[in-house]
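Source: prediction; values computed, not measured.
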Amino acid sequence: MQVTAAGSLPGTDFRGALGAMSELLPDVLPLPELPQRGIGSQLVGRALGLIHGLAFDLQPAGWRLTSGTGADHRRAQAQWRFDLDDTEELLQDFDGVLKVAVAGPWTLAASVERPTGDRLLADHGARRELAQALAEGVSRLLTDLAARLPRAALRLQVDEPMVVAVAEGAVPTASGFSRHRRVLPPELSGALEVFASLEPAAILHCCAAGEWLPIARSSGFTAVSIDLGLFDHPRSRDDVGQWIADGNSVVAGVVDSANASPQPADELVSRALGFLRPLGLEPAVLRQRVVMGTSCGLAGWSVHDVAPQLEQLRHAGQLLDEQLER
C-alpha cells in the first residue's frame, strides 16, 4: 500500500528535507513545509506568500490585510521562489507523484485580520476576495511546477484545520467574548470548489474533530486526508466507508502526529486494520483507494525521529498488503 505524509517537517534545511523525503516517500512525495524557518514558512504565511494583488503585513496579533505589502509578506513570496528553484534542481528527473500542501481559504479567513481589526471571516466581501486571490496563486503555483517538473504528477492538498470551527460558528472574535457567525454550507463549499477543480485528485485535509466529509463531498473533492483517531467511532467510520465505496480516496493518518515519538510498523498496521476491516470493502478496493499517512504534520517532532518513523510507515504499508488478504 502506498504511503505519504502531511508535509510539515522539523528543521530549516529545505534541500535536505526534500532529498530525504524523495527517498523515504517515493510513492506520494510531499513537498516539505518547514515552519521553523519563520513566520513566512508557517501555515498561514506560506499560503499568503502565493498571493499577489492583495497586500499583507505582520502585526503583534498576526497577519493583517493592508494597503501595502510588508517585508514579511515579501519574504514569504521570495521563499516560494527559492524553494521552487531548489525543487526543480533536485527533482529534475522525478516522474512520481508530488503533493503540494497549501492552507485553504477558510483557515486563512479565520486567521488573517481586516485592516479595521478582527478576522476577515467577519466580512463577506473580504473573505470572498481572499479566497479568489488564493485560488489564483495556487493555480500559478501548479502551472509553474508543471513547467519545471514536466514528468511529475502533481497533487494539491488543501489544509483546512479551521473549517469545522468556521462551519460551527466557533471562531472567537478579537475580544474573545463572542464568536463569529457560522458560514452556511453553500458558501463553505463554494469557496472550496475552485480548489477541488484546480487538480482532479485534490485532497482536502483537516485534522480537527467534527463532521467535515460532507463539505469535502459537496465541494467536489475526490480525496480526503483524515486522522484515524478522530474517525474511530461507528458513524464516522461508516461515513469513510461510504466515501471509499463511492469511488473516492482516503489518506489514512495512521501515524499519530500528536504523539511525537516513533511508532513501530506493527502498531501502525494494527491501527490501520482495526479501522479498515470493519468497512467491509474488498482488499483490492482498499489498496487502490487508501494511502497510509500521518494524521497531521511532523513539524513538532525531533528531526532525528522523522526518518525512522517514515521508514516504519513504509514497512507498515508493505505489511498491510499481506494482512488485508488474511
Side-chain angles (χ1 to χ4, degrees), residues 1-11 17 20-30 32-33 96-97 99 101 155 157 159 161 203-209 213 223-234 236-241 243-244 248-326:
M1 186 170 286
Q2 289 188 328
V3 299
T4 189
S8 66
L9 298 167
M21 290 301 101
S22 65
E23 295 181 4
L24 292 165
L25 299 174
D27 296 335
V28 182
L29 169 63
E33 308 161 59
V97 177
K99 179 168 65 68
R155 294 203 73 176
Q157 176 180 302
D159 290 330
I203 303 166
L204 185 62
H205 173 224
C206 179
C207 49
L213 285 185
V224 293
S225 180
I226 66 173
D227 178 348
L228 286 194
L230 298 178
F231 282 78
D232 195 20
H233 47 91
S236 294
R237 190 185 293 116
D238 288 346
D239 289 342
V240 174
W243 174 268
I244 298 172
N248 300 310
S249 301
V250 169
V251 178
V254 295
V255 176
D256 181 5
S257 301
N259 177 15
S261 59
Q263 298 147 46
D266 56 353
E267 180 180 325
L268 303 182
V269 171
S270 177
R271 192 175 299 157
L273 288 174
F275 186 90
L276 295 175
R277 275 182 171 158
L279 300 182
L281 298 171
E282 293 294 328
V285 171
L286 295 175
R287 286 197 197 90
Q288 181 183 10
R289 300 177 190 168
V290 177
V291 176
M292 293 179 69
T294 58
S295 63
C296 208
L298 301 176
W301 286 48
S302 164
V303 68
H304 303 293
D305 288 336
V306 170
Q309 179 61 82
L310 296 180
E311 288 172 351
Q312 289 298 304
L313 179 60
R314 286 186 64 185
H315 184 42
Q318 297 166 353
L319 293 175
L320 186 59
D321 276 335
E322 302 170 4
Q323 293 290 331
L324 284 173
E325 292 292 349
R326 296 182 182 179

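Residues forming a side chain to side chain contact (heavy atoms under 4.5 Å, CB included) with L281 (at least two apart in sequence, or on another chain): I244, A245, L279, L286. Under the side chain to side chain contact (heavy atoms under 4.5 Å, CB included) criterion, V28 pairs with Q2, T4, V97, K99, not counting sequence neighbours. D321 meets the side-chain hydrogen bond (donor to acceptor under 3.5 Å, both in side chains) test with R287; sequence neighbours excluded. Take D27 and apply the side-chain hydrogen bond (donor to acceptor under 3.5 Å, both in side chains) test, not counting sequence neighbours, and it matches no residue.
Taken to the nearest 0.5 Å, the SG atom of C296 stands 7.5 Å off from the CG atom of D227.
Of all non-hydrogen atoms in A260 and G300, the two that sit nearest each other are CB-O, 4.2 Å. Taking every heavy atom of both residues into account, A209 and L230 meet most closely at N-CD1, 3.7 Å. Residues R314 and E23 come closest through the heavy atom pair NH1-O, 3.0 Å. Between A101 and D159 the shortest heavy-atom distance is CB-OD2, 3.5 Å. Shortest non-hydrogen contact noted between A5 and P30 is O-CB, 3.7 Å. Across all their heavy atoms, L29 and S22 have their closest contact at CD1-N, 3.5 Å.
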If you look only at distance, which donor and acceptor atoms sit under 3.5 Å apart when one is on a side chain in residues 262-273 and the other is two or more places apart or in another chain?
| residue | atom | partner | partner atom | Å |
| --- | --- | --- | --- | --- |
| Q263 | OE1 | D256 | N | 2.9 |
| Q263 | OE1 | R271 | NH1 | 3.2 |
| Q263 | NE2 | D256 | O | 3.0 |
| Q263 | NE2 | N259 | O | 3.2 |
| Q263 | NE2 | S261 | O | 3.3 |
| E267 | OE2 | R271 | NH2 | 2.6 |
| R271 | NH1 | V254 | O | 2.3 |

For this session: With side-chain contact (heavy atoms from CB on, under 4.5 Å) as the test, would you mind laying out the steps for L319 and E322 before giving the verdict?
Result: CA-CA 5 Å; L319 293 175; E322 302 170 4; 4.2 Å; yes
Exercise. side-chain contact (heavy atoms from CB on, under 4.5 Å) between L9 and M21: does it pass, once the steps are laid out?
Worked result: CA-CA 10 Å; L9 298 167; M21 290 301 101; 3.8 Å; yes
For this session: Determine, step by step, whether V290 and V285 satisfy the side-chain contact (heavy atoms from CB on, under 4.5 Å) criterion, reporting the C-alpha distance in whole Å, the side-chain angles of both residues, the deciding distance to 0.1 Å, and the verdict.
Result: CA-CA 8 Å; V290 177; V285 171; over 6 Å; no
For this session: Output, in order, the C-alpha distance, side-chain angles, deciding distance and verdict of side-chain contact (heavy atoms from CB on, under 4.5 Å) for L310 and V255.
Result: CA-CA 9 Å; L310 296 180; V255 176; over 6 Å; no
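Between L213 and F231 the shortest side-chain heavy-atom distance falls below 4.5 Å. Within the 4.5 Å cutoff, no side-chain heavy atoms of H205 are placed close to those of V251. Annotation: side chain of Q157 is not in contact with side chain of V224 (no heavy-atom distance under 4.5 Å). The shortest side-chain heavy-atom distance between V306 and P10 falls under the 4.5 Å cut-off. The shortest side-chain heavy-atom distance between V291 and S249 does not fall under the 4.5 Å cut-off.
Listed by first and then second residue, the side-chain hydrogen bond (donor to acceptor under 3.5 Å, both in side chains) pairs that reach into residues 288-313 are S257-S295, sequence neighbours excluded.
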